[in-house]
Undergrad: 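To start, I am sharing the structure in question, which I have written as structure tokens.
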Amino acid sequence: MKPSMDDEQVQIPQRPLAPTGGPADPAPRRGGVLGRGEGKLAGWRAFGSGGEGVLVPQARLSGPTPWVIAIMVTITVIAAATGLALRNIANAAALDLAGGVSVQIIEAQAPIRAAQAQAAQKALLAVPGVISARVVPQAELDQLLVPWLGAGMSDGDMVPVPAMIDVRIDGAADGGRIAALRAALGRVAPGARVDAQSHWLAPVFEAMDSLRWLALSMIALLALALAAAVLLSARSALGTHRQTIEIVHNLGGTDAQIARIFQRSMGMDATLGSLVGLVLGQVAVVVLGARFAGLGAGLLAGGVLRPLDWAVVALVPAAAVALAMLTARLSVLIALRRML
Amino acid sequence: MTGMTGEIARFDNVGLRYGPDREVLCDVGFTLHAGHFYFLTGASGAGKSSLLRMLYLAQRPSRGMISLFGTDAITLPRHRLPGFRRRIGVVYQDYRLVPHLSAFDNVALPLRVAGVPERDVVQPVKDMLEWVGLADRMEARPATLSGGEQQRVAIARAVIGRPELLVADEPTGNVDPDMAIKLLRLFEALNRLGTTVVVATHDLHLLQKVPGSLIMRLDRGRMSDPTGALRYPPRRENAQP
Ligand SMILES: Nc1ncnc2c1ncn2[C@@H]1O[C@H](COP(=O)(O)OP(=O)(O)OP(=O)(O)O)[C@@H](O)[C@H]1O
Ligand SMILES: [Mg+2]
């Protein structure tokens with residue numbers, strides 16, 4: 001007969017009463033196959049066994065936490081990708097220009113200018129380390145000058161335009177290399193001006209550098225905001241479960257046990273939010289990238305993200321999850337310390 | 001079991017103050033012997049709940065000595081407390097059920113915390129809920145249960161692990177007199193199986209319902225021993241099963 005409240009003779013159910021893991025044994029038993037998929041208990045799984053004890057309600061994507069994290073991760077991913085792309089553009093441009101040297105032959109008389117240019121080209125090619133030396137054709141120069149002087153103006157000798165030689169050397173065009181080139185030109189074209197191209201573009205590089213710093217500080221600020229958002233949502237989530245934490249604590253739950261439960265639950269929420277954010281952010285980055293590729297601008301072509309860059313971008317959500325779990329864990333442990 | 005020493009808990013010169021005010025409990029001293037059934041009475045505000053909180057390790061005294069299961073509980077390192085708490089079943093004055101868990105899961109909580117395999121959890125919990133008359137409310141959340149039903153869930157949770165010491169703070173405050181007596185019988189049955197029981201109440205009628213029970217009285221934070229039974233507990237044949 002089943003015992004019940006109405007029985008005259010009260011009998012404690014014989015099977016129930018439980019554990020006693022040895023009188024003073026606080027360690028939960030490490031069970032192996034605890035209640036996997038036991039119908040309505042499935043959500044629980046092994047509480048004290050290092051399994052995924054689920055004591056907090058699983059509000060997957062229904063609470064604000066995952067969405068806040070998703071939005072912050074999206075923005076941070078876009079900022080990180082943009083910053084990395086900017087850095088790549090700047091680096092590619094620098095690499096492109098570092099080995100570039102312009103030689104101008106300033107000579108009013110066209111035939112002499114042309115002869116000097118030819119001689120200079122030969123002399124330059126003889127210098128060790130010079131990869132190429134190209135006399136920029138007159139037509140090309142005219143094209144460059146059209147916006148400044150108007151069509152047809154450079155025709156004839158009305159406005160003498162220096163001859164240009166575009167030189168590429170292996171390595172950066174520093175003072176020593178420039179001096180070597182000058183020396184080589186000394187005999188054939190004494191009036192030649194030799195300049196590193198990077199010298200002309202210094203303002204561009206400065207602007208790029210500022211952009212790079214801007215992107216970096218944006219990433220830093222957003223990372224801080226993301227950290228704050230994760231921190232706040234982890235703590236507010238725990239605030240709502242404070243009562244549960246206290247109860248489990250009073251029932252003999254160990255700090256590690258309780259921290260693990262909340263760390264897991266927070267980790268789940270943060271993972272879902274971060275994945276959503278990563279996908280959204282990457283879609284935005286890819287779409288933007290396609291738009292810029294459509295421009296066909298030479299400089300921007302250097303702005304593609306390399307695999308390593310994508311790895312860095314993927315670090316954003318990973319860091320968000322790690323931070324969320326760490327925050328949850330520390331908050332729970334601190335709350336528990338106050339409880340005796 | 002530490003029942004072998006015959007001593008479950010001992011308080012010596014225990015004092016407790018919350019903040020800088022006067023002591024809520026003052027020079028409290030008593031011994032709980034294994035297998036006995038104790039009532040703790042006293043007017044509202046006398047300090048019953050405060051005393052019990054120290055007994056179930058939720059509060060440290062401001063001064064004095066407390067030993068539990070033969071071990072000094074004051075100097076017990078933090079990491080050993082959970083092990084001791086698992087040997088004590090507690091019915092809180094305010095129940096403290098986990099609000100988003102069903103009655104079933106609330107009662108199963110102590111077993112799961114202790115790492116009992118799930119297959120050994122289901123049937124005992126069902127039996128226990130049936131036993132307190134809640135067989136048809138197993139899946140109900142606490143919020144949808146009446147005060148008395150919540151109290152019975154809290155009691156089922158406190159006894160499911162068959163603790164060595166059961167501490168109940170006004171466990172019958174919210175149920176009708178008939179149910180109060182039934183619940184008291186549950187405690188008695190548990191007591192017969194070897195659990196030492198401490199029930200705080202100001203319902204003096206209850207005291208007479210448990211023959212052989214011992215009475216502790218708190219009077220504005222001081223312990224009195226009206227029957228002398230604390231110092232000279234009567235022998236009980238079934239005290240040590
Ligand atoms: N956390 C606390 N902080 C400050 N004072 C407290 C606290 N808990 C209890 N008190 C005070 O300690 C005294 C004893 O309280 P306690 O709850 O132990 O009484 P009680 O005997 O259980 O009363 P009741 O029968 O009404 O439950 C009361 O004066 C109360 O105001
Ligand atoms: Mg009280």
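Chain letters run A, B, ... following the sequence lines, proteins first and then strands; every chain starts at 1.
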Undergrad: So do the side chains of A:L336 and B:R78 get within less than 4.5 Å of each other, counting heavy atoms only?
TA: yes

Undergrad: How far apart are the closest heavy atoms of B:L109 and A:V248, and which atoms are they?
TA: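 Residues B:L109 and A:V248, closest heavy atoms: CD2-CG2, 4.4 Å.
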
Undergrad: Let me know if B:E188 has heavy atoms under 4.5 Å from chain A in its side chain, its backbone, both or neither.
TA: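 The answer is neither part of B:E188.
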
Undergrad: Relative to chain A, which segment of B:L97 carries a heavy atom at a distance below 4.5 Å: side chain, backbone, both, or neither?
TA: backbone

Undergrad: Return the CG to NE2 distance between B:L57 and A:H249, rounded to the nearest 0.5 Å.
TA: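 B:L57 CG to A:H249 NE2: 9.0 Å, rounded to 0.5 Å.
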
Undergrad: Shortest non-hydrogen contact from B:P82 to A:G252?
TA: CB-O, 3.3 Å

Undergrad: Any side-chain heavy-atom pair from B:R86 and A:T254 closer than 4.5 angstrom?
TA: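 Yes, close enough: below the 4.5 Å cut-off.
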
Undergrad: Please check: side-chain N/O of B:R96 versus main-chain N/O of A:I247, any donor-acceptor pairing under 3.5 Å?
TA: no

Undergrad: How close do B:R85 and A:N250 get, heavy atom to heavy atom, and via which atoms?
TA: CD-O, 3.6 Å

Undergrad: Sort B:Y92 into side chain, backbone, both or neither according to what part of it lies under 4.5 angstrom from a heavy atom of chain A.
TA: side chain

Undergrad: B:R60 and A:L340: which non-hydrogen atoms are nearest, and at how many Å?
TA: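 In this case the closest contact between B:R60 and A:L340 is NE-CD1, 3.1 Å.
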
Undergrad: Measure across B:H100 and A:T244 and return the closest heavy-atom pair with its distance rounded to 0.1 Å.
TA: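 Taking B:H100 first and A:T244 second, the nearest heavy atoms are NE2-OG1, 3.7 Å.
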
